[in-house]
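Below is one structure, written out as structure tokens, with a few remarks after it.
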Amino acid sequence: MKNFKGILNILIKHRNRVYIFLFINYILFFLIKTSKIGFFEFTSNKKVPLLVYLFLAFQSFFVKKPLFIIIVTVFFISMLLALDWIICYYISKLLEFLMKNNKFQNNIGFIKSEYFVILFLLIFSAVIRFKFLNAGLYHHDSFQTAVAVEKTVNEYHLYGIGGGRQGVVAVNSIFFFFFKTFFGHETAEFTVNFTSALFGTLSIFVLYSLIKNLFNVQFIAFSSAILYSVTPVFLSVSTFAKEHTLDVFLALLSMLLLVIGLKRINYIFVLLSGIILSLLIFVRFPSILIIFGMVFLIYKSKNPNIKKTRAFLFILVPFIILIADYVLLSSDVIAKEAKSNFYPLSLENLDFLFNNFKYSVSGIIFSLTIIGFLLSLAGLALLAKDSIHLFYFLILFFIPLYIFYTASNTIAHRFFALPIITLVISLSYALYNIRKIDSYAGTLILILLAIVFFLNIYPVIKFRHEFSAFKELAVMVNSNANPKDSVVVL
């Protein structure tokens, strides 16, 4: 027992080196697990946790191997671990030296400045999106959007997609008109992909500003923004033409304007917030459900000089007017959508709802990883203890959207690109609390999660980027085949 306590005290004393050791080796093992080359000729068709994977990999290697091979392998692995520890030791020493260096501290101060943080977030988010931008139209909705945009610009008449989403077409038409006029673009393919990546990038800046205004803590704002930027469910939809990034951008911008308006007692900002919120019905209708969280922010505003009744009117009047007009003008479309997307509540449909629930949870856990998901739940618990009004805001932001999409007949992981923001925020709050206890641990977990998030979706966005140019494929086939030939693409 005394020996155990002695070892524990040594580990606590040198915990920074232990953190770096665990961090580097987790990334190394994760890369081995996700690489195409099997570890010790072991592959698993199941999604198993990293430690389970390593155990099974070692077990498969040592079965039916000569004793000499096992001894040599164990010795070799021991040498690698020793070298690994030496490298981590010197990395930690270097970090300790830098943290005591005055010039480095001054540079750190500049890096922590608001302008540098925002610039970094914008550049980082833009690079990982435009680098993997689809060359063609990946989704059938992408094709419909491109056609509607081209017809809108050419005929000077606003078209919709499936009877709605005119806002998506209008925004893309502005960009396509620019690209057509100044760069000679004949089709809207590039435009609809470009705007998706653009609004995905701008959403990260708006999210950072929103969290900074809500929590007044730069670390929570930065970690929320950087983690959301690489969250698989959002990064994925940021690389091909779809309305999700514009939807997220407008939803976050609406909330940001409301928070600023309540802080500064500026009712014009509140009015603009209500107008932008209302415009979501022309982008992605279900996103108007964030109104519950926004109304709660007004109700629980800590600014004693704010006139809550006026704030309610400024946000709700434009919202109600536009919603009423939309319902009256598009009642047939809404009824058709409701009938096709929702089953009547009955005992027979409970199994369907349960399967949707499992599907949605699996997608969220894939995006956040099981560690990130558990940390987000811990963050919610801490937030309920420290700031109950922000806890309720996140709950009212998440629950209505989650219930709507989970109860829907048509469900996809990308639908949760907006509600998952709440879990990313609570995850960042958990990291903030870890960082208050130990700055090394909190920072390294943040970096670790950001890397793992990106690596989880990297194979998908890379594959789509390289193999989504269907038009180029059609041109190639057409130029290499006779007019009466039949071509089968597998």
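Since this is a predicted model, take the numbers as computed values, not measurements. Along the sequence shown, residues are numbered consecutively beginning with 1.
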More than 12 heavy atoms from other groups under 6.0 Å of [atom1] on [X]:
| X | atom1 | result |
| --- | --- | --- |
| Y402 | OH | yes |
| F454 | CZ | yes |
| E155 | CD | yes |
| Y159 | OH | yes |
| Y392 | OH | no |

Tabulate below the donor-acceptor pairs under 3.5 Å that side-chain atoms of residues 220-229 make, not counting sequence neighbours, or state none.
from: S223; atom 1: OG; to: F219; atom 2: O; distance (Å): 2.7
from: S223; atom 1: OG; to: I220; atom 2: O; distance (Å): 3.2
from: S223; atom 1: OG; to: S428; atom 2: OG; distance (Å): 3.3
from: S224; atom 1: OG; to: I220; atom 2: O; distance (Å): 2.7
from: S224; atom 1: OG; to: S428; atom 2: OG; distance (Å): 3.1
from: Y228; atom 1: OH; to: A417; atom 2: O; distance (Å): 2.5
from: S229; atom 1: OG; to: S125; atom 2: OG; distance (Å): 2.9
from: S229; atom 1: OG; to: R129; atom 2: NH1; distance (Å): 3.1

Of all heavy-atom pairs between [X] and [Y], which one has the smallest distance, and what is that distance?
| X | Y | result |
| --- | --- | --- |
| T195 | V192 | OG1-O, 3.2 Å |
| V233 | V237 | O-CG2, 3.5 Å |
| D141 | R165 | OD2-NH1, 3.5 Å |
| S376 | L368 | OG-CD1, 4.4 Å |
| A407 | N356 | C-ND2, 4.5 Å |
| L253 | I276 | CD2-CD1, 3.8 Å |

Between [X] and [Y], is the ring centroid distance below 6.0 Å?
| X | Y | value |
| --- | --- | --- |
| Y299 | H389 | no |
| H185 | F190 | yes |
| F415 | H413 | no |
| F130 | F194 | yes |
| F393 | F296 | no |

Quiz question: by atom type and distance under 3.5 Å, do the side chains of [X] and [Y] form a donor-acceptor pair?
| X | Y | value |
| --- | --- | --- |
| S254 | S273 | yes |
| N303 | K308 | no |
| T191 | N172 | no |

Do S360 and Y405 pass the side-chain hydrogen bond (donor to acceptor under 3.5 Å, both in side chains) test, and can you show the C-alpha distance, the side-chain angles, and the key distance before you say yes or no? CA-CA 9 Å; S360 63; Y405 287 126; over 6 Å; no
Main-chain N/O of [Y] paired to [X] side chain as donor or acceptor, under 3.5 Å:
| X | Y | value |
| --- | --- | --- |
| T422 | P419 | yes |
| Y267 | K307 | yes |
| D247 | E243 | no |
| T245 | S238 | no |
| T369 | G372 | yes |
| Q144 | I161 | no |

Fit a plane to each ring of F120 and F116, take the angle between them on a 0 to 90° scale, and name the class: parallel (under 30°), tilted (30 to 60°) or perpendicular (over 60°).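 Rings of F120 and F116: parallel, under 30°.
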Where do F269 and L258 land on the side-chain contact (heavy atoms from CB on, under 4.5 Å) test, with the steps shown first? CA-CA 6 Å; F269 275 56; L258 174 63; over 6 Å; no
Do [X] and [Y] make a side-chain contact, defined as non-hydrogen atoms from C-beta onward lying under 4.5 Å apart?
| X | Y | answer |
| --- | --- | --- |
| F366 | P232 | yes |
| L394 | L390 | no |
| I290 | L418 | yes |
| F175 | L198 | yes |
| I288 | F285 | yes |
| M255 | L252 | yes |
| F354 | T406 | no |
| F215 | L383 | yes |

Can you measure from [atom1] ([X]) to [atom2] ([Y]) and round to the nearest 0.5 angstrom?
| X | Y | atom1 | atom2 | answer |
| --- | --- | --- | --- | --- |
| I425 | L207 | CD1 | CG | 6.0 Å |
| M294 | I315 | CE | CD1 | 3.5 Å |
| L280 | I291 | CG | CD1 | 10.0 Å |
| I434 | L444 | CD1 | CG | 11.5 Å |
| L297 | F397 | CG | CZ | 10.5 Å |
| I403 | L353 | CD1 | CG | 11.0 Å |

Check the pair L427, L449 against side-chain contact (heavy atoms from CB on, under 4.5 Å), reporting the backbone distance first and the verdict last. CA-CA 10 Å; L427 166 57; L449 287 173; 3.9 Å; yes
Quiz item: cation-pi between R464 and F132, 6.0 Å / 45°: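 R464 over F132 ring: no.
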Take L235 and I128 through the side-chain contact (heavy atoms from CB on, under 4.5 Å) test and state the conclusion after the steps. CA-CA 8 Å; L235 179 55; I128 61 175; 4.0 Å; yes
In sequence, state the C-alpha distance, the side-chain angles, and the governing distance for N193 and K242, and then conclude on side-chain hydrogen bond (donor to acceptor under 3.5 Å, both in side chains). CA-CA 8 Å; N193 285 316; K242 207 70 178 73; over 6 Å; no
Residues in side-chain contact (heavy atoms from CB on, under 4.5 Å) with L158, at least two apart?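 For L158 the side-chain contact (heavy atoms from CB on, under 4.5 Å) partners, ignoring immediate neighbours, are T152, Q166, V169, A170.
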Before giving the answer on side-chain contact (heavy atoms from CB on, under 4.5 Å), spell out for F234 and I420 the whole-Å C-alpha distance, their side-chain angles and the decisive distance to 0.1 Å. CA-CA 9 Å; F234 184 62; I420 205 173; 5.8 Å; no
In terms of side-chain geometry, is the basic nitrogen of K212 or E114 positioned less than 4.0 Å from the acidic oxygen of its partner?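 Answer for the salt bridge query: yes.
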Go through H465 and F463 one step at a time and tell me if the ring pair (Phe, Tyr, Trp, His ring centres under 6.0 Å) criterion holds. CA-CA 5 Å; H465 170 70; F463 181 84; over 10 Å; no
